[in-house]
Trainee: 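First, the structure itself, so that you have it in front of you.
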Amino acid sequence: MSESAEGGSVAVRQNPGRQAAKLASRVGSFVLTLAATFVGLTAVTFFISRLTNIDPVLAIVGDKATSAAYDNAYLALGLDKPLIVQYFIYLMRLLTGDFGRSVLTSQPVLADLLRVFPATFELATIAIIIGVVVGVPAGVIAGATKGRWPDQVIRVVGLFGYSVPVFWLGLIGLFVFYGKLGWVAGTGRLDVFYQGVVTQRTGVILIDAALEGNWEIVGNAFSHLILPAGILGYFSLAYVARMTRSFMIDQLSQEYFTAARIKGNSYWRAVWRHAFPNIMVPLITVIGLSYASLLEGAVLTETVFAWPGLGLYITRALFNSDMNAVLGGTVLVGAVFITINLVSDLLYKLADPRLRAS
Amino acid sequence: MSDTLGTWLMSETPMSRRQAVIGSVYRAVRSIIFNPTALIGLIIVTLLIFMGIFAPLLSLGNSPLAQNLAGRLAAPSADHWFGTDELGRDILARTLYGARATLAIVALVSVIVVPIGLTVGTVAGYLGGWVDAVLMRITDIFLAFPRLILALAFAAALGPGIENAVIAIALTSWPAYARIARSETMTIAHSDFIQSVVLQGASTWRILFRHIVPLCLSSVIVRLTLDMAGIILTAAGLGFLGLGAQPPTPEWGAMVSSGRDVILDQWWVATIPGLAIFIVSLGFNLLGDGLRDVFDPKSR
């Protein structure tokens with residue numbers, strides 16, 4: 001590793017060629033890490049597909065096939081080849097977008113995944129917006145009032161978010177806000193009589209309906225969305241606020257903050273104008289991580305709210321022994337998760353001022 | 001008398017190894033008891049263990065498995081404090097027995113995860129070089145995996161059941177421990193006392209397991225306690241999806257799932273076991289936070 005040149009800020013000033021090389025090596029190592037992680041992920045899913053006691057041949061030919069038909073399918077699937085070759089074939093198929101066919105929907109798994117993904121995307125995106133808009137200010141306030149009551153309150157709220165099972169909170173939410181109070185709509189993405197009215201463009205109902213100017217449907221979709229998104233948002237809020245708080249505490253103990261106070265800035269002005277900009281870079285990583293985990297955490301929430309996204313697709317496939325669909329979904333979620341993870345890590349490194357040209 | 005005992009325990013210059021060990025245990029216990037967060041957490045976790053052990057006594061003679069279809073979905077009453085579920089089974093008894101499933105999962109995951117993480121982390125940190133590079137790259141790959149989804153796929157492939165849920169959770173949670181053990185090892189590896197053990201001719205394995213591992217344990221245990229909540233929530237999530245303990249074994253996640261269809265009318269069926277999951281993971285989080293304050297010098 002050529003980390004030794006990183007030294008102080010003095011070394012960074014001089015040589016633009018060296019900086020470009022360093023940047024290239026960062027990006028290069030990012031691509032390598034990404035590739036290695038994908039190979040790892042697919043190796044694990046391949047391993048899982050070998051582990052299962054569901055016969056892939058029977059899943060295709062059915063259990064009334066003749067033994068000749070069975071053997072043909074067996075050979076066609078390449079099951080007679082060594083494991084490492086089989087893995088290679090599997091990897092090649094994944095890279096060309098061939099995830100196999102879903103037994104349940106008898107559609108290619110990739111087409112299914114693309115169809116259900118927008119619903120999850122819609123849910124996770126609204127949730128992360130809630131998480132950031134509420135979580136970041138909460139974290140800053142908690143950090144700036146460390147040990148006093150606003151900090152304690154925010155800490156307790158966060159601690160609850162870390163401890164409560166998401167599927168249970170969803171059920172209780174349905175019971176209270178839908179069953180008792182009637183403030184929000186129930187499960188699903190739309191009321192039954194609104195379904196199929198809007199033509200699918202992006203798959204995100206809020207956007208599709210808004211494009212058609214059908215505000216009634218936007219409202220209905222929103223009242224279906226707000227409870228699951230709010231619950232997921234609460235989880236990301238807990239994480240974002242906790243991390244923001246600890247970044248903030250780090251900054252407030254630095255000398256520049258004291259200097260900003262001595263120059264006559266009020267405490268809160270110094271917090272927001274001097275300390276806050278410095279935590280924005282690490283926050284990118286935290287928000288990225290939180291977004292990735294929302295895509296994953298949506299599995300349970302979608303099951304509770306019958307939200308027709310990735311999570312519900314995977315769990316349904318799971319109970320119908322539809323391994324192609326389960327593993328395809330796992331690879332897709334894993335890939336999105338890994339990419340967001342690593343990209344936010346890269347962004348963080350690139351945003352490091354020590355790397356920026358003078 | 002108590003004064004001299006106190007000074008003996010708190011002595012900065014212990015006269016024997018026994019005094020040093022007893023003294024440090026005493027100081028740790030003292031700081032946990034005087035830390036309200038950790039104390040509440042400790043009480044909750046102790047109650048959980050208590051519930052698991054004494055479930056038959058505490059359930060007031062109600063069996064967790066006995067069905068009574070005539071009295072199904074009964075509201076909480078004097079006979080059934082938390083009501084009955086869709087097969088007329090007593091929810092209080094099932095919740096109490098459910099503590100056993102949770103304890104089993106927590107114990108099994110810890111037993112698998114800690115040795116793997118410690119071994120990988122200390123070996124990587126102590127040996128360095130290409131061993132470190134290879135082991136940490138593998139750790140990073142596992143760390144980047146989505147935990148619940150992978151556990152889901154594993155549980156689906158291996159078949160539902162508590163053992164497979166444990167394996168699935170363990171497979172996705174060891175990397176964090178390897179990371180911690182490695183960074184601890186790197187700070188210890190070049191200290192004088194390790195050098196002197198090397199000079200005395202100790203083998204690499206002896207150094208790792210007799211001198212480095214014990215020093216990594218405290219931060220690993222703190223991390224494990226903090227992780228417990230996540231492990232319990234993942235296990236409950238798998239149970240909720242039907243991939244954890246199989247019926248009729250009482251398990252909290254599966255119990256919430258069985259109350260799902262009747263949530264609007266018979267709220268208690270899902271609420272009580274969910275509340276149990278919530279309180280227990282809250283307890284582990286509080287205990288973990290408190291332990292971190294006690295053991296981690298950086299956060300003091």
Trainee: Do you know which of A/Leu327, A/Val304, A/Val336 has the most heavy-atom pairs with chain B at a distance under 4.5 angstrom?
Mentor: A/Val304
Trainee: First locate atom CG of A/Leu113, then atom CG of A/Leu332, and finally report the distance between them rounded to the nearest 0.5 Å.
Mentor: 5.5 Å
Trainee: What part of B/Leu275 gets within 4.5 angstrom of chain A, counting heavy atoms only: side chain, backbone, both, or neither?
Mentor: both
Trainee: Please rank A/Val176, A/Val164, A/Thr45, A/Val333 by heavy-atom pairs under 4.5 Å with chain B and give me the top one.
Mentor: A/Val164
Trainee: Under 4.5 Å heavy-atom distance to chain B, tell me which part of A/Phe47 shows up: side chain, backbone, both or neither.
Mentor: side chain
Trainee: Does B/Trp252 reach the main-chain N or O of B/Ala276 with its side chain, forming a donor-acceptor pair under 3.5 Å?
Mentor: no
Trainee: With only heavy atoms counted, which part of A/Ile314 is less than 4.5 Å from chain B, the side chain, the backbone, both or neither?
Mentor: side chain
Trainee: Kindly say whether B/Ala270 contributes a backbone atom to a donor-acceptor pair with the side chain of A/Trp168 at under 3.5 angstrom?
Mentor: yes
Trainee: Can you tell me which of A/Ile172, A/Val44, A/Val326 forms the most heavy-atom pairs within a distance under 4.5 Å of chain B?
Mentor: A/Val44
Trainee: Keeping the roles fixed (side chain from B/Tyr177, backbone from B/Ile116), state whether a donor-acceptor pair exists under 3.5 Å.
Mentor: no
Trainee: Rounded to the nearest 0.5 Å, what's the gap from CZ on A/Phe167 to CZ on B/Phe240? Could you check?
Mentor: 6.5 Å
Trainee: Please classify the contact between A/Thr330 and chain B as side chain, backbone, both or neither, with a heavy-atom cut-off of under 4.5 Å.
Mentor: both
Trainee: Roughly how far apart are A/Arg245 CZ and A/Lys146 NZ, rounded to 0.5 Å?
Mentor: 6.5 Å
